[in-house]
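The structure appears right after this line, and notes come after that.
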There are 2 protein chains.
Amino acid sequence: MGVYIQVLEGLLLQEQQVISSEKLAEQCEVNPSQIRKDLAYFGEFGVRGVGYYVSDLLKAIKYFLGIDRNWNCILVGVGNLGRALLRHQQLAQKGFQIQMAFDCDPFKIGERVAGHEVICTRRLKEKAQQMQIDIGLISTPPERAQRAANHMMQAGIKGIVNFAPTRINVSQDVIVDYVDFSNHLISMAFRLSHP
Amino acid sequence: MGVYIQVLEGLLLQEQQVISSEKLAEQCEVNPSQIRKDLAYFGEFGVRGVGYYVSDLLKAIKYFLGIDRNWNCILVGVGNLGRALLRHQQLAQKGFQIQMAFDCDPFKIGERVAGHEVICTRRLKEKAQQMQIDIGLISTPPERAQRAANHMMQAGIKGIVNFAPTRINVSQDVIVDYVDFSNHLISMAFRLSHP
DNA sequence: TATTTTTTGAGAAAAATTTCACAAGAATAA
DNA sequence: TTATTCTTGTGAAATTTTTCTCAAAAAATA
């Protein structure tokens, strides 16, 4: 689904107004039927004999995915990855704005990174509740991920994206998504060794 | 599959020698049958009535996935994400060693990042061929990703992990894997808006 | 206007994945 | 030794996902 947005935004930039499922499929490297099924899932957006209107389709997808608005995020763990996330343009552009950055290292607290002052993690609840925070990003070392998650839960955050390479335990009403680059490299190693 | 490794390494650290598919499933948040099917795929590693020997299982999985050895990697694009990848301990620990870093920005060329001197991307072919490079990582802005991929293909690299949020075109014998964090945040936004 | 071409939407078919259910092997207890 | 308990490996069943196929709608052409 994210691929569709990526490709459609590219088309918009090239000022292409209409695209068929076949052409879109080519660029996304999937089957045309797949695309039609996916898009039909949230309404009839195509026009038979014509294709899909790029701009309308993009709006519809974004609305459907819930990214037609801003999502307030906070980040815990201002290491290398944390800094990369804080400076990442792409996220803010897509409406995922990292509003605050936390770390428990006294040497980092007070430092400014990409326009944010690094705050002590213990002040997370207090600080995060001043603003409605939707999503928490964890980029701590694995051994501190659970504590970061606990702080986030105490602040009432219901969505956690965990970049630390470890599982975390959360209450039932909290959604966790795991991101681990090593998995991609492992998958690559596997594919290269089984030609 | 990557989850299994993560959890098993945790168990190894806790010096737990044996684990049942049920317990492993619990920690990996999957179905026990799933685990047994997956593991049975590359041989009979369990012992009925007992479970799986953590250390043996880990070795077997790593062998099967092709990560029982080192993989030489290079990176193109020394921006924020590139720096985070260069400094990322996890990757090197898993045997994915980033041997060289390239960038086309004259201000970055010559700079040292995590023990690597940043080299001009035009010298990629020449430099990479001095050592057998297995995998190329792209962490450039999207508009430079294709060029980075071309350089990698010219150097004979057959596996590309693309962190830039754009599709790239490669010859048939090259494997590409796409990594895009925004997709994870999009998926989170979707799940939070459809409770 | 009628015919041909294009392309969607959706039901049917096919393929892949996940889960169930249980025989069989291994350990423990009686 | 024999019975009981545990837990794997695997064929069958269920579910999900993907692909195929084609009627129907829209545009282009004659």
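Throughout, a chain's letter reflects where its sequence line sits, starting with A, and its residues are numbered from 1. We use all heavy atoms of the structure for the numbers below, so side chains are in, but hydrogens, waters and symmetry mates are not.
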message: If I take atom CG in residue Asp56(B) and atom P in nucleotide dT8(D), what distance separates them, rounded to the nearest angstrom?
response: 15 Å

message: Near DNA chain D, counting only heavy atoms under 4.0 Å, which residues of residues 28-48 of chain A show up?
response: Asn31(A), Ser33(A), Gln34(A), Arg36(A), Lys37(A), Val47(A), Arg48(A)

message: Out of the candidates Phe42(B), Tyr63(B), Phe64(B), only one should pair with Phe190(A) under the ring-ring contact (aromatic ring centres under 6.0 Å, His included) rule; please name it.
response: Phe64(B)

message: Salt bridge check, Glu26(B) against Arg167(A): does any charged N sit closer than 4.0 Å to a carboxylate O?
response: no

message: I need the CD1-C1' distance between Ile19(B) and dT8(D), as an integer number of Å.
response: 14 Å

query: Can a side chain N or O of Tyr52(A) be found less than 4.0 Å away from OP1 or OP2 on dG9(C)?
result: yes

query: Salt bridge check: are Asp68(A) and Lys59(A) linked by an N-O gap of less than 4.0 Å?
result: no

- request: Output the residues of residues 8-16 of chain A in contact with DNA chain D, where contact means a heavy atom of the residue under 4.0 Å from an atom of the strand; sort by number or write none.
  value: none

- prompt: Do Glu126(B) and Arg123(B) sit within salt-bridge range, that is, some charged N less than 4.0 Å from a carboxylate O?
  reply: yes

message: Could you tell me how far apart Met1(A) (CE) and dT17(D) (P) are, to the nearest whole angstrom?
response: 14 Å

Single hit among Val3(B), Leu24(B), Leu13(B) for side chain to side chain contact (heavy atoms under 4.5 Å, CB included) with Leu8(B): Leu24(B)

query: ring pair (Phe, Tyr, Trp, His ring centres under 6.0 Å) between Phe45(B) and Tyr53(B): does it pass, once the steps are laid out?
result: CA-CA 8 Å; Phe45(B) 279 96; Tyr53(B) 289 95; over 10 Å; no

query: In chain order, what residues pass the ring-ring contact (aromatic ring centres under 6.0 Å, His included) check against Phe163(A), with sequence neighbours excluded?
result: Phe181(B)

message: Please confirm whether the shortest side-chain N or O distance from Ser21(B) to OP1 or OP2 of dT8(D) is below 4.0 Å.
response: yes

message: If we count only N and O atoms by modelled type, under 3.5 Å, do the side chains of Gln146(B) and Asn150(B) hold a donor and an acceptor together?
response: yes

